[in-house]
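Notes follow once the structure below has been shown.
Side chains included, hydrogens not; waters and symmetry mates left out as well; all remaining heavy atoms used.
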Amino acid sequence: MIIDFHAHYPKHDPDFPERLVELLPEAGIDRICLCSAGDALGHVSNQQVLQAARRHPDRIIPLALVELGIDAPERVDALAAEGFRGFKITNPRSPYDDETHFPVYERMERTGLPLLAHTGILMRFPQAPGVRVNSNWMRPVCLDAVVRSFTALNVVGAHLGMPWHEEASAMARIHPNFYVDLTGANWGGWRLNKTPDFFRYHFFWPGAWDKVLFGTDILALDELIQAKRFHDDMLRPLELPTETWDRVYGGTAARLLGL
């Protein structure tokens with residue numbers, strides 16, 4: 001089973017879920033995790049993500065956006081009860097390792113559901129007055145205290161922490177409950193100038209690729225097929241064993257999601 005662990009549901013496209021489900025076979029993807037990164041980035045609400053998953057339960061897996069610094073810990077319990085299969089965090093109001101966020105992580109850990117965390121430089125978007133965006137708060141190392149404190153919470157750091165790649169890969173090596181994805185722009189983004197040796201350098205230890213999950217990070221339907229092909233072409237020169245390839249492309253995600 002090929003599982004895209006990281007994709008977004010844009011606003012102003014009411015037929016997006018239906019057309020996405022039709023497109024998945026052509027892209028070579030069986031199931032896709034959809035999430036919002038918030039209204040400011042042009043994404044739908046959590047409820048719209050959940051509704052799409054309920055219409056297509058065999059294809060769409062819903063992840064719930066939790067806004068650190070805004071949402072109360074009890075919000076996590078409510079989202080899990082509604083049927084979300086994991087959580088998403090991005091653009092916190094203070095660093096990920098600010099201990100005021102720890103009650104939220106504690107609730108996440110109790111649910112047994114995985115957490116997809118944006119790591120690295122955040123894309124530019126219009127900011128509301130008084131809202132601060134600080135990519136330094138989303139460095140991979142800002143999740144170090146989190147995964148140490150909540151050892152049953154599985155965290156996936158998106159984008160290999162771009163540009164803090166070494167922090168992200170070191171976190172994946174050291175922490176049993178920290179994983180990464182290699183998502184970027186569908187045309188390549190930060191990955192465009194990376195050679196196979198870059199990935200060999202960062203994932204050098206036995207079992208390293210078991211800590212990597214496939215994702216496309218699509219923001220629109222027309223990005224899906226190109227994003228999947230780019231990811232395939234990026235990894236193919238590494239000549240990973242078939243069983244390792246299968247874990248990257250779905251096996252590890254299925255385990256974290258409890259499928």
Side chain proximity check, [X] to [Y], heavy atoms < 4.5 angstrom:
X    : Y    : answer
E67  : R75  : no
H43  : L219 : yes
V155 : M171 : no
K211 : T252 : no
K194 : F199 : yes
L41  : H8   : no
I121 : W164 : yes
H101 : Y96  : no

Are [X] and [Y] in one and the same hydrophobic cluster, where Ile, Leu, Val, Met, Phe, Trp and Tyr link if side-chain heavy atoms are under 4.5 Å apart?
X    : Y    : answer
V146 : L65  : no
L79  : L257 : no
W205 : L213 : no
V49  : M108 : yes
L115 : F84  : yes

- Message: Is it the case that over 12 heavy atoms from other parts of the model lie below 6.0 angstrom from the CD atom of E26?
- Response: no
Point-to-point distance, once rounded to the nearest 0.5 Å, from [atom1] of [X] to [atom2] of [Y]:
X    : Y    : atom1 : atom2 : answer
T195 : M234 : OG1   : CE    : 12.0 Å
S36  : Q48  : OG    : CD    : 8.5 Å
L20  : D13  : CG    : CG    : 10.0 Å

- Item | T216 to A227 - nearest heavy-atom pair and separation | CB-CB, 3.8 Å
- Message: Would K11 and D39 count as a side-chain contact (heavy atoms from CB on, under 4.5 Å) here? Give the steps.
- Response: CA-CA 8 Å; K11 291 195 297 185; D39 182 72; 2.5 Å; yes
- Donor-acceptor pair, side chain of H165 and main chain of L160, under 3.5 angstrom: yes
- Message: So does I2 get a backbone contact from the side chain of R31, meaning a donor-acceptor N/O pair under 3.5 Å?
- Response: no
- Query: Applying the side chain to side chain contact (heavy atoms under 4.5 Å, CB included) test to Y249, which of L240, I3, L235 qualifies?
  - Reply: L235
